[in-house]
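Chain letters run A, B, ... following the sequence lines, proteins first and then strands; every chain starts at 1.
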Protein chains: 2
Amino acid sequence: MARIIIDKNSSRKEVILTKAASLFREKGYKAASMRDLAESVGVEAASLYNHIKSKTELLHEICFGVANRFMHKMEEVEGEKISPIEKIEALIRFHIDEMILHYEEVYVMDREWKHLSDPYLSNFQNQRRMYRKRFAAIIEQGISLKNIKPIDASTAVLILLHAIGGIESWHRSTQKISAEALTANMISILIGGIAASAKG
Amino acid sequence: MARIIIDKNSSRKEVILTKAASLFREKGYKAASMRDLAESVGVEAASLYNHIKSKTELLHEICFGVANRFMHKMEEVEGEKISPIEKIEALIRFHIDEMILHYEEVYVMDREWKHLSDPYLSNFQNQRRMYRKRFAAIIEQGISLKNIKPIDASTAVLILLHAIGGIESWHRSTQKISAEALTANMISILIGGIAASAKG
DNA sequence: ATAGTATGCTAACGTGTGTTAGCGATGAAT
DNA sequence: ATTCATCGCTAACACACGTTAGCATACTAT
C-alpha cells in the first residue's frame, strides 16, 4: 500500500500543499484535478481527504501563506528608519527573493487568487488593496522628500509589482542569468530606469 | 425564439468572440463554461455551435488575433528610422494602447494562452519568444549606442512587458487617472526610473 | 407564396469533476 | 500481543462539462 513519503520537517499535509502549488502553477487551479494531484503525491485521489478538507482549502492556504509573509515584511519595513527609496528597494528585494525561493506559491497566489471563494476572496482582495495602499504611501513620502520624482504613486506600485511578477518568465528560461544579477538588474531598472543618465 | 443581436459591422461569430473574451477574462478559460457564454450571448449553449467549431477555437482566435497585431507593429517599428529608445517608447505606447482599447482580448492572451492545445500552443510560444528576442535586440542596439545603460536586455524586456500587463489593475480601479496620464507615467517610469535625477 | 439557408431549440451522450462512505492495512503505544 | 488512531484503498455519488443529433423556426431571395 502506497504511503505519502515525509521527511522530518514536513507533515503529509505540507507535502500535499507543495505538490498542489506546483500543479496549480503548471496547469492553473481549475485545470488541475484532484486526481492529478493524487498521482503526483503517489496516492489515490480519495486518500488526500484524510489530510485536507477540500481543493479550495489548498488554494486558501497557498494564497494566505504568501500574502501574510508580504504583509509581515511590509510592517517590518515601515518601522525601519531608512529613506523611502531604501524602503522601496527593500520591498522589491523581498519580492524578488520570495519569487525565487517560493516560486510556485507566489506564482499561484498572483494568478489564481480569483478562484478563491468568499469570504476568503473578499478578505484576500482587501488585504491586497491595503498592501498596495501602504506601498503607494511610501512612494508618496519619497515624492514629498523629493527623492522620487512626481509620478502617480499607484501607477508606480502597479509597475513595480507586475514587473517583479515577470520573474516567472526568467524562472523558466533556459539561459538564465544568476539570481543576483537578475535582482541587481531589476532594481537598477526600476529605480533608475533604462535610459543612460548623466549620473552614470 | 431568441436570436443573437448583431450590428452592421460584426457577424454573430464576432459577437460570440467578444463575449467569450470578456468571460474568459473574468473567470478564466477553464472556469468559463459554454453555458455561461451562451447565457451572456442570450442563447442556448448548443446554438453556439452553429457559429463556432469549439471552445478552443475561441481561445485560438483571441490569442492569435492579438499576437498578430503585436507582431505587425514590431515589424513596422523595426523599419522606422528612429533611435532605439524611440522605438521602445513606440512599442510601449502601442502595448498600452492595445491594453486600453482591447482590454479583454489582450488580458486573455496574456493569462490564458496556456490552455491552447498543440499545434497552436507551440506556435504561440514560438511567436512570443521571437517577439521578445526582437524587442531585446532593440534594447541591445540602444546599449551599443550608449543611449541605454548596460543592463541585461532580456531582463529589461521582461520588466517592460509585465509592467504594462499591470494596466489590468488600473483598468479595474475605481478612482482611475486618465489613460493619457497613465501612459505618460508609465513611460516616464520605465524609461527614466522612479528616482529623481539631476536632469529633472 | 415558396424554397432554401441560417439559426435556434430540446434532449441527450460520454467523460471528468470534487467528494463521501465504508472497509482494510499500517504504525505507534501500552 | 493488543489496542487504537492514522492512513490508504475501492466504489460510487451527484453534478457540470463540451459537444452532437434531430427537429423547429426565422430570415432571405426568388
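- Between D:dC9 and A:Ser47, a contact under 4.0 Å exists linking OP1 or OP2 to a side-chain N or O.
- For the pair A:Lys55 NZ and C:dG18 C1', the interatomic distance rounds to 8 Å; values are reported in whole Å.
- Put simply, B:Arg12 has no side-chain N or O that comes within less than 4.0 Å of OP1 or OP2 on C:dA6.
- Summarising the geometry, the separation between OH on A:Tyr49 and P on D:dC9 is reported as 15 Å, rounded to the nearest angstrom.
- For the pair A:Ala45 and B:Tyr29, both in contact range of DNA chain D, the more 5′-proximal nearest nucleotide belongs to A:Ala45.
- The phosphate of D:dG8 (OP1 or OP2) has a side-chain N or O of A:His51 nearer than 4.0 angstrom.
- Look at CD1 on B:Ile52: it is 16 Å from C1' on C:dA6, rounded to the nearest Å.
- Of the listed nucleotides (C:dT20, D:dT19, D:dT20), D:dT19 has the atom at the smallest distance from the side chain of B:Ser54.
- For the pair A:Arg35 and C:dG16, the criterion of a side-chain N or O lying under 4.0 Å from OP1 or OP2 is not met.
- Side chain of A:Met34, nearest nucleotide from C:dT19, C:dA11, D:dG8: C:dT19.
- Atom CZ of A:Phe24 is separated from atom C1' of C:dG18 by 12 Å (rounded to the nearest Å).
- A ring-centre distance under 6.0 Å is found for A:Phe70 and A:His95.
- Residue-level contact check: A:Ala32 touches the backbone only, with heavy atoms under 4.0 Å from sugar-phosphate atoms and none from bases.
- When the shell of 6.0 Å around CD of A:Glu76 is examined, it contains more than 12 heavy atoms from other residues, nucleotides or ligands.
- Looking at every heavy atom in both residues, B:Ala67 comes nearest to B:Met109 through N-SD, 3.8 Å.
- Taking atom CD of A:Glu44 as the reference point, atom P of C:dG18 lies 14 Å away to the nearest angstrom.
- For the residue pair A:Gln141 / A:Asn147, no side-chain donor-acceptor distance below 3.5 Å is found, with atom types taken as modelled.
- Contact between the side-chain N/O atoms of A:Ser33 and the OP1/OP2 oxygens of C:dG16 is not found at any separation under 4.0 Å.
- The CG atom of B:Leu37 sits 16 Å away from the C1' atom of D:dA16 (whole-angstrom rounding).
- Looking at B:Ser47 and B:Glu44, their side chains never bring a donor and an acceptor atom within 3.5 Å of each other.
- Rounded to whole Å, atom P of C:dG18 lies 10 Å from atom CG of A:Leu23.
- Sequence order on DNA chain C of the closest nucleotides to A:Asn50 and A:Lys30 puts A:Lys30 first from the 5' end.
- The separation between A:Lys13 atom NZ and D:dT6 atom P is 14 Å, rounded to whole Å.
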